[in-house]
Enquirer: 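Quick one: this structure, given as structure tokens, is what I'll be asking you about.
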2 protein chains.
Amino acid sequence: MDTALDRAVRVFSERGYHATSIGDLTAAMRLATGSVYKAFRDKHAVFLAAFERYVALRQEETRSAAAQGANGRERLRNLLLSYVEHSQGSEGRRGCLVVGSAVELSAVDPVVAALVSARLETNEGFIAGLIREGQADGSIPRHVAADDTARLMICITQGLRVVGKARLSLDGKRLVAVAMKLLA
Amino acid sequence: MDTALDRAVRVFSERGYHATSIGDLTAAMRLATGSVYKAFRDKHAVFLAAFERYVALRQEETRSAAAQGANGRERLRNLLLSYVEHSQGSEGRRGCLVVGSAVELSAVDPVVAALVSARLETNEGFIAGLIREGQADGSIPRHVAADDTARLMICITQGLRVVGKARLSLDGKRLVAVAMKLLA
DNA sequence: TTTATTCGGAAACAATCATTCCCTATTATC
DNA sequence: GATAATAGGGAATGATTGTTTCCGAATAAA
């Protein structure tokens, strides 16, 4: 079932909610229509399950990318680098389900809107925490405003996914080098 | 007709392409179905016209916001401030049609994908130009990498629209103050 | 072996969608 | 002033959508 959900994540990420018919869904999940409706109440429930699975997987990836780093500054750099990589290539073209949901559904679906906001705030809190870690270990200056910088970095990460979907090339090393000036 | 297109822009921006039925469209444009199909070939053509109108209006707003500034650095600050303002409140909740198109249609609609890429590259070029102006007038250091910084700033502007749609509050002054560190 | 139950698959359902057709009203032309 | 031509409005149409239901196969229990 989890492997079927993974395939649902791919379809929803690439086409969005409304453009994905349950025909697309069953083809991708290798399940018949009846099976899908036996496992989920309706299309919306499939989407919610796919969304939560996507969030769980991405969170795991992000945390482990940040874990590799001697101090707060290095962990933050690795997090940003990871975001750039995920925004590129085939995964970049597929798109981020959080960004897609924010843009396509936040205005019309309060349930999804709440999930998206919660996810962004969690990420922002994680980044702010890394900044404070860096300030504690001396790798980031004290005068850096942790919360404001974290919110701007969230904008950068979400913007990366938008730009990546538009097929603009992204040079991770150079882009991150510029972004790290925010920690000066 | 332009006023009808403006209303189409609002609907498409808020709900996206697929979630906007031509019933929604006719209601918003105050036109009957037949009239819409007399003025445009199909729904896709309405969207393309709305997209181009949106781009033209926003470009005008952005350029005039940037025009108010004594030097390159100030013009860039005003541009960023303008983006934050447009990403907030009712307009922020409505969303940006370029971001929406990039996320919802870039993967499946080559025509829209090309328009989106062109728009992003135009914006990026404009920002890079402002940076170079600042370097010429002495308000921005020479060692700033104009192209890389411009691409990152595009990510910021697009990310602002995503975050604004998710209803997270944005403090223009503080956010832009942090972002201006990219020009140090 | 037989019965019961769960699971997957395909056809059928109602609703909604984009699109077309036709009618009316208004303008312009002779 | 009569007529042609055009623009706008709304009902009909065919395709597609999400959803449900029914049926067969496979597995487990007796």
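Chain A is the first sequence line, chain B the second, and so forth, proteins listed ahead of strands; every chain is numbered from 1. Values reported hereafter were calculated over all heavy atoms of this structure, with side chains retained and with hydrogens, waters and symmetry mates removed.
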Enquirer: Got a list of protein N/O to nucleotides 13-18 of chain C N/O distances below 3.5 Å?
Expert:
| unit_1 | atom_1 | unit_2 | atom_2 | d |
| --- | --- | --- | --- | --- |
| C:dA18 | OP1 | B:Thr20 | O | 3.3 |
| C:dA18 | OP1 | B:Lys43 | NZ | 2.7 |
| C:dA18 | OP2 | B:Ile22 | N | 2.6 |

Enquirer: Could you tell me which residues satisfy side chain to side chain donor-acceptor pair (under 3.5 Å) with B:Glu133, sequence neighbours excluded, listed by chain and number?
Expert: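 With sequence neighbours excluded, B:Glu133 shows a side chain to side chain donor-acceptor pair (under 3.5 Å) to B:Arg75, given in chain and number order.
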Enquirer: Let me confirm one number: the CE-CG distance from A:Met29 to A:Asp6, rounded to the nearest 0.5 Å.
Expert: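 Atom-to-atom, A:Met29:CE and A:Asp6:CG are 9.5 Å apart.
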Enquirer: As a quick check of understanding, evaluate side chain to side chain contact (heavy atoms under 4.5 Å, CB included) for A:His18 and B:Tyr17, giving each step before the final call.
Expert: CA-CA 9 Å; A:His18 290 288; B:Tyr17 180 78; over 6 Å; no
Enquirer: State whether B:Tyr83 and B:Arg161 meet the cation-pi test: NZ (Lys) or CZ (Arg) under 6.0 Å from the six-membered ring centroid, and within 45° of the perpendicular axis.
Expert: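 Judged by the rule (NZ or CZ under 6.0 Å from the ring centre, within 45° of its axis), B:Arg161 is not positioned above B:Tyr83.
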Enquirer: How close or far is atom P of C:dG9 from atom CZ of A:Arg30, stated in whole angstroms?
Expert: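 Atom-to-atom, A:Arg30 to C:dG9, this comes out as 12 Å.
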Enquirer: Taking atom CZ as the centre, does A:Arg7 end up with more than 12 heavy-atom neighbours from other residues, nucleotides or ligands that are less than 6.0 angstrom away?
Expert: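 Above 12, so yes.
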Enquirer: Could you encode protein contacts along nucleotides 11-16 of chain D as a string, one character per nucleotide from 5' to 3', using B for base contact, S for sugar-phosphate-only contact and - for no contact, with a heavy-atom cut-off of under 4.0 Å?
Expert: B-----
Enquirer: Measure CG/B:Leu25 against P/C:dT19 and give the value in whole Å, please.
Expert: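 To the nearest whole Å, that distance equals 11 Å.
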Enquirer: Between A:Glu74 and A:Asn71, is a side chain to side chain contact (heavy atoms under 4.5 Å, CB included) present by the stated rule, with each step listed?
Expert: CA-CA 5 Å; A:Glu74 290 309 312; A:Asn71 54 37; 3.3 Å; yes
Enquirer: State the CD-CG distance between B:Gln135 and B:Leu183, to the nearest 0.5 angstrom.
Expert: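 So the gap between those two atoms works out to 9.0 Å.
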Enquirer: Near B:Arg174 CZ, under 6.0 Å, is it more than 12 heavy atoms from other residues, nucleotides or ligands?
Expert: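 Atom CZ in B:Arg174 is not packed in, count stays at 12 or less.
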Enquirer: Using whole Å, report how far CG of A:Leu31 lies from P of C:dG9.
Expert: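 Distance check: A:Leu31 CG to C:dG9 P gives 7 Å.
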Enquirer: Hey, which of these two, B:Ser35 or A:Arg41, hits DNA chain D nearer its 5' end, going by closest nucleotide?
Expert: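 With B:Ser35 and A:Arg41 compared, the 5'-side residue is B:Ser35.
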Enquirer: With sequence neighbours excluded, give me every side chain to side chain donor-acceptor pair (under 3.5 Å) pair touching residues 136-145 of chain B.
Expert: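 Every pair satisfying side chain to side chain donor-acceptor pair (under 3.5 Å) with a residue in residues 136-145 of chain B: B:Asp137-B:Ser139.
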Enquirer: Given side chains that start at C-beta, do those of A:Val98 and A:Arg58 come closer than 4.5 Å, heavy atoms only?
Expert: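 Contact flag for A:Val98/A:Arg58 side chains = no.
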Enquirer: Which atoms form the tightest heavy-atom contact between B:Arg63 and B:Thr122, and what is the distance?
Expert: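 Of all heavy-atom pairs spanning B:Arg63 and B:Thr122, the closest is NH2-CG2, 3.7 Å.
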Enquirer: Would you jot down, in residue-number order, the residues of residues 7-16 of chain A having a non-hydrogen atom under 4.0 Å from DNA chain C?
Expert: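 Output list: empty, so none.
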Enquirer: Does the plane of the ring in B:Phe12 sit parallel, tilted or perpendicular to the ring in B:Phe47? Use 30° and 60° as the thresholds.
Expert: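 Rings of B:Phe12 and B:Phe47: perpendicular, as their planes differ by over 60°.
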Enquirer: With 3.5 Å as the limit, what N/O pairs link the protein to nucleotides 23-25 of chain C?
Expert:
none

Enquirer: Between A:Val112 and A:Ser101, which heavy-atom pair has the shortest distance, and what is it?
Expert: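 Smallest interatomic distance, heavy atoms only, reads CG1-CB, 3.7 Å.
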